[in-house]
Chemist: 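Supplied in C-alpha cells, the structure appears directly below.
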Amino acid sequence: MTNASEMHAPDLLRLATAGSVDDGKSTLVGRLLYDTKSVLADQIDAVTRASVDRGLDQPDLSLLVDGLRAEREQGITIDVAYRYFATPTRSFVLADTPGHVQYTRNTVSGASTAGLVILLVDARKGVISQTRRHAAVMALLGVPRLVLAVNKIDLVDDPEKVFGEIRTEFTDMTTSLGWSADRVVSIPVSALHGDNVAIRSENTPFYDGPTLIEHLESVPSSEDRKPVGFRFPVQYVIRPRTAEYPDYRGYAGQVAAGRITVGDEVVVLPSGTHTTVERIDTADGSLQSAHTGRSVTVVLADDVDVSRGDVIAAVADAPEPISQFSATVCWLGDKPLRPGARLLLKHGARTTQAIVGGLEVLFDEQELVLRDAPDTLELNQIGRISVQTAQPVSADDYNTNRETGSFLLIDPQGGNTLGAGLVGDALSSLHLKELV
C-alpha cells in the first residue's frame with residue numbers, strides 16, 4: 001500500500017438533547033437545522049404546508065425531525081435520531097433523544113458518546129423529576145458539559161425572574177452531581193421564535209451570554225477525563241489470502257483511547273502477549289500514527305493469536321483483564337433485575353455470559369442520595385451491582401475511559417438490551433449525601 005499522511009478530521013462536536021415530554025426538543029433541533037441552513041428548500045416547503053394544514057400561522061419546525069409516522073401522529077419523539085448540521089467553524093452530530101420516562105434507554109444510548117448535552121426545561125414548569133433524572137444519567141455517563149436551555153421563555157410573565165430561579169436550582173443540582181460551574185451554561189430560549197438560538201434576542205435584555213450556537217461553536221470538541229494509553233478493541237480480523245496479499249493479517253477497529261505509532265510496543269489482551277506495531281493501514285493508504293477516534297487496521301510484527309473482541313493496548317498502563325467486578329448499572333428492562341440473573345455481557349466486540357452476584361446500593365436520582373441495597377432493580381433505576389463473567393474482559397474503570405469502561409447487559413433469549421453498565425464505582429464521582 002502507498003504511504004499517506006494522516007488526515008486531520010474536521011472540528012466535530014458530538015452532542016445530544018434531553019428533557020421531558022413537550023419541553024420542545026424537536027422544535028429546538030428543527031430550529032438549529034433551519035438556522036444553520038442544514039435543510040433543503042423542499043423540506044421547508046413540506047413543513048410549511050403541513051403546518052398550514054394544522055391551522056398554524058408559522059412553520060412547525062419539529063416536523064423537520066419527527067420523522068416516524070408514530071411520532072408525527074402523537075407529537076412526541078420516541079426514538080433516537082442523529083442529525084447533522086454545520087456552521088462555518090464547526091460540524092455537529094446531534095442525538096435527538098426521547099423525553100418519556102419509558103424511553104430512558106434511548107437517552108442513555110444517545111448521550112453515551114456526547115461531549116455536550118442540551119437539557120431543556122419548560123420555563124412554565126421549571127426543573128421537574130425528569131430533569132433531575134436526565135441530569136443524574138448525564139453525570140453518571142461522564143458527559144463533560146451541559147447546556148440548560150430554558151425554553152418557551154416567551155410564555156412566562158416575568159422572564160428574568162423565572163430564568164434566574166430555574167438557573168439557580170439547576171446549578172445547585174449539577175454542582176451536587178459533580179459539575180463545576182464553568183461546565184454548565186444556562187440560556188433562555190424560544191425554540192419556536194428562534195430567540196437566543198442563532199440570533200441574540202431583544203426579548204431577553206437581562207441575558208448577556210452567548211446564543212446557543214455561539215456556545216456550541218466555542219466549547220472544546222473533545223475532553224479526556226484522564227490521560228490513558230492506547231486502547232484498540234479488535235472488531236474484525238482481516239485475512240484476504242489473495243495473490244497480492246497472501247500472508248496479510250490485520251486487525252480492524254477504532255482507536256478507543258490514546259495514540260499509536262509504528263514501532264510502538266503493545267500487549268494483546270487478555271492473553272498478555274507482547275509485540276510491536278509494524279503498520280497502520282487505512283483505505284487511503286498507510287499511516288505513521290493514529291489517534292483516538294480513528295478507524296484503522298493494525299498490522300503486528302509477530303504472528304500472534306488475536307481474535308475479535310481482544311484489546312490491543314499500550315504496555316505501560318494496560319488494563320488488567322477482569323472476570324469479577326463491581327459496576328454501576330442503569331436498568332432498562334421491563335422485568336426487574338434480581339441477584340443471580342444470568343445474562344450476556346457485551347464489552348466492545350466481546351460478548352460473554354455473566355451472572356449478577358448481588359445488588360449493592362441504589363441511587364436515588366431525585367434526592368441525590370445512595371440508599372441501601374434493594375431486593376430488585378426496577379426499570380430506569382440506577383444501582384451498583386457485582387458481576388461475574390465467564391470470560392475475562394479487558395476493561396478500564398469508566399472514570400478513566402468512557403469507551404473501554406462501558407458495557408451492555410443483554411437478554412440471552414431475546415437479544416434485547418436490558419442494562420447499560422459502567423465498570424467500577426461511577427457513583428463515587430458524584431457529590432452525594434451519605435448512605436441512608
Side-chain angles (χ1 to χ4, degrees), residues 16-25 76 97-112 114 117-143 145-151 162 164-181 183-184 186 327-337 359-385 398 418-422 425-436:
T17 57
S20 187
V21 178
D22 294 332
D23 280 351
K25 291 184 304 300
I76 62 171
T97 70
H100 274 295
V101 173
Q102 61 263 42
Y103 300 123
T104 298
R105 70 194 76 183
N106 306 66
T107 303
V108 171
S109 174
S112 61
V117 168
I118 303 170
L119 184 52
L120 277 79
V121 299
D122 187 325
R124 299 167 300 177
K125 301 175 183 177
V127 174
I128 61 175
S129 60
Q130 187 70 329
T131 312
R132 289 187 285 271
R133 178 177 293 108
H134 280 157
V137 169
M138 302 313 158
L140 283 172
L141 291 174
V143 175
R145 295 176 181 272
L146 282 183
V147 173
L148 172 66
V150 183
N151 193 26
V162 170
E165 291 174 346
I166 293 175
R167 178 174 56 185
T168 298
E169 182 179 359
F170 188 78
T171 302
D172 289 345
M173 176 180 64
T174 53
T175 299
S176 296
L177 289 171
W179 276 288
S180 57
R183 298 300 183 98
V184 180
S186 301
T328 302
V329 168
C330 179
W331 188 246
L332 309 174
D334 294 326
K335 294 183 179 179
L337 174 65
L359 310 182
E360 300 174 352
V361 70
L362 177 69
F363 173 44
D364 184 337
E365 82 282 353
Q366 298 299 317
E367 299 296 329
L368 300 183
V369 297
L370 299 177
R371 302 197 180 277
D372 289 333
D375 295 329
T376 62
L377 205 60
E378 306 289 335
L379 173 67
N380 293 324
Q381 286 188 328
I382 298 169
R384 190 173 66 241
I385 67 173
Y398 187 83
L418 299 178
L422 317 176
D425 187 10
L427 292 169
S428 65
S429 64
L430 310 184
H431 300 172
L432 304 177
K433 302 173 187 176
E434 294 296 324
L435 183 70
V436 295

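Excluded from the calculations below are hydrogen atoms, water molecules and symmetry mates; all remaining heavy atoms, backbone and side chain alike, are included.
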Chemist: Under the side chain to side chain contact (heavy atoms under 4.5 Å, CB included) rule, what do Glu165 and Glu169 come out as? Steps first, then yes or no, please.
Modeler: CA-CA 6 Å; Glu165 291 174 346; Glu169 182 179 359; over 6 Å; no

Chemist: Rounded to the nearest 0.5 Å, what separation is found between the OG1 atom of Thr175 and the CZ atom of Arg183?
Modeler: 13.0 Å

Chemist: With a 4.5 Å cut-off on side-chain heavy atoms, are Phe170 and Leu146 touching?
Modeler: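 Of all side-chain heavy-atom pairs linking Phe170 with Leu146, at least one is under 4.5 Å.
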
Chemist: If we only count heavy atoms from C-beta on, is the Thr171 to Trp179 side-chain gap below 4.5 Å?
Modeler: no

Chemist: Compare every heavy atom of Pro374 with every heavy atom of Leu377, then report the nearest pair and how far apart it is.
Modeler: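 Looks like CD1-CG, 4.5 Å.
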
Chemist: Any sub-3.5 Å donor-acceptor pair from Asn151's side-chain atoms to Leu120's backbone N or O?
Modeler: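 Not a single qualifying donor-acceptor pair exists.
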
Chemist: Should Val117 and Leu141 be marked as a side chain to side chain contact (heavy atoms under 4.5 Å, CB included) after you check the CA-CA gap, both sets of side-chain angles, and the distance that decides it?
Modeler: CA-CA 11 Å; Val117 168; Leu141 291 174; over 6 Å; no

Chemist: Side chains of Leu368 and Leu177, heavy atoms from C-beta outward: is any pair under 4.5 Å?
Modeler: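 With C-beta onward as the side chain, the pair touches.
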
Chemist: Please lay out, stage by stage, how Glu367 and Arg132 fare under the test side chain to side chain contact (heavy atoms under 4.5 Å, CB included).
Modeler: CA-CA 9 Å; Glu367 299 296 329; Arg132 289 187 285 271; over 6 Å; no

Chemist: Hey, what do you get for CG (Leu359) to CZ (Arg384), rounding to the nearest 0.5 Å?
Modeler: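 Answer rounded to 0.5 Å: 11.0 Å.
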
Chemist: If you round to the nearest 0.5 Å, how far is SG of Cys330 from CG of Leu379?
Modeler: 8.5 Å

Chemist: A side-chain contact here means heavy atoms from C-beta on lying under 4.5 Å apart; do Trp331 and Asn380 qualify?
Modeler: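 Sidechains of Asn380 and Trp331: no contact.
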
Chemist: How many angstroms lie between CD in Gln381 and CG in Leu332, if you round to the nearest 0.5 Å?
Modeler: 12.0 Å

Chemist: Please say whether more than 12 non-hydrogen atoms of neighbouring residues, nucleotides or ligands are located less than 6.0 Å from NZ in Lys335.
Modeler: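 Counting neighbours around NZ of Lys335, 12 or fewer heavy atoms of other residues, nucleotides or ligands fall under 6.0 Å, so no.
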
Chemist: Report yes if the side chains of Thr174 and Leu148 come closer than 4.5 Å at any heavy-atom pair, otherwise no.
Modeler: no

Chemist: Please evaluate residues Thr131 and Leu119 with respect to the criterion side chain to side chain contact (heavy atoms under 4.5 Å, CB included), reporting the C-alpha separation (whole Å), side-chain torsions for both, the decisive distance (0.1 Å), and the verdict.
Modeler: CA-CA 8 Å; Thr131 312; Leu119 184 52; 4.0 Å; yes

Chemist: Show the nearest heavy-atom pair for residues Ala123 and Ile166, with the distance to one decimal.
Modeler: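 In terms of heavy atoms, the two residues are closest at O-CD1, 3.8 Å.
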
Chemist: Minimum heavy-atom separation for Thr376 and Pro336, please, with both atom names.
Modeler: CB-CB, 3.9 Å

Chemist: Looking at side-chain heavy atoms only, is the closest gap between Arg167 and Val150 below 4.5 Å?
Modeler: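 SC-SC contact between Arg167 and Val150 ruled out.
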
Chemist: Over all heavy atoms of both residues, which pair between Gln130 and Arg133 is shortest? Give the atoms and the distance, please.
Modeler: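 Residues Gln130 and Arg133, closest heavy atoms: OE1-NH1, 2.6 Å.
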
Chemist: Taking salt bridge (charged side-chain N to carboxylate O under 4.0 Å, His left out) as the definition, give me every residue that meets it alongside Asp172, ordered by chain and number, with sequence neighbours left out.
Modeler: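 For Asp172 there are no salt bridge (charged side-chain N to carboxylate O under 4.0 Å, His left out) partners, ignoring immediate neighbours.
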
Chemist: Please name the pair of heavy atoms, one in Ala18 and one in Met138, separated by the smallest distance, quoted to 0.1 Å.
Modeler: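 Closest heavy-atom pair between Ala18 and Met138: CB-CE, 3.8 Å.
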
Chemist: Please give me the minimum heavy-atom distance between Ala149 and Ile118, naming the atom from each residue.
Modeler: CB-CG2, 3.9 Å

Chemist: Is there a side-chain contact between Leu427 and Leu140 in this structure, where contact means two heavy atoms from C-beta onward sitting under 4.5 Å apart?
Modeler: yes

Chemist: Within the structure provided, determine whether Val137 and Ile382 are in side-chain contact (heavy-atom separation under 4.5 Å).
Modeler: yes

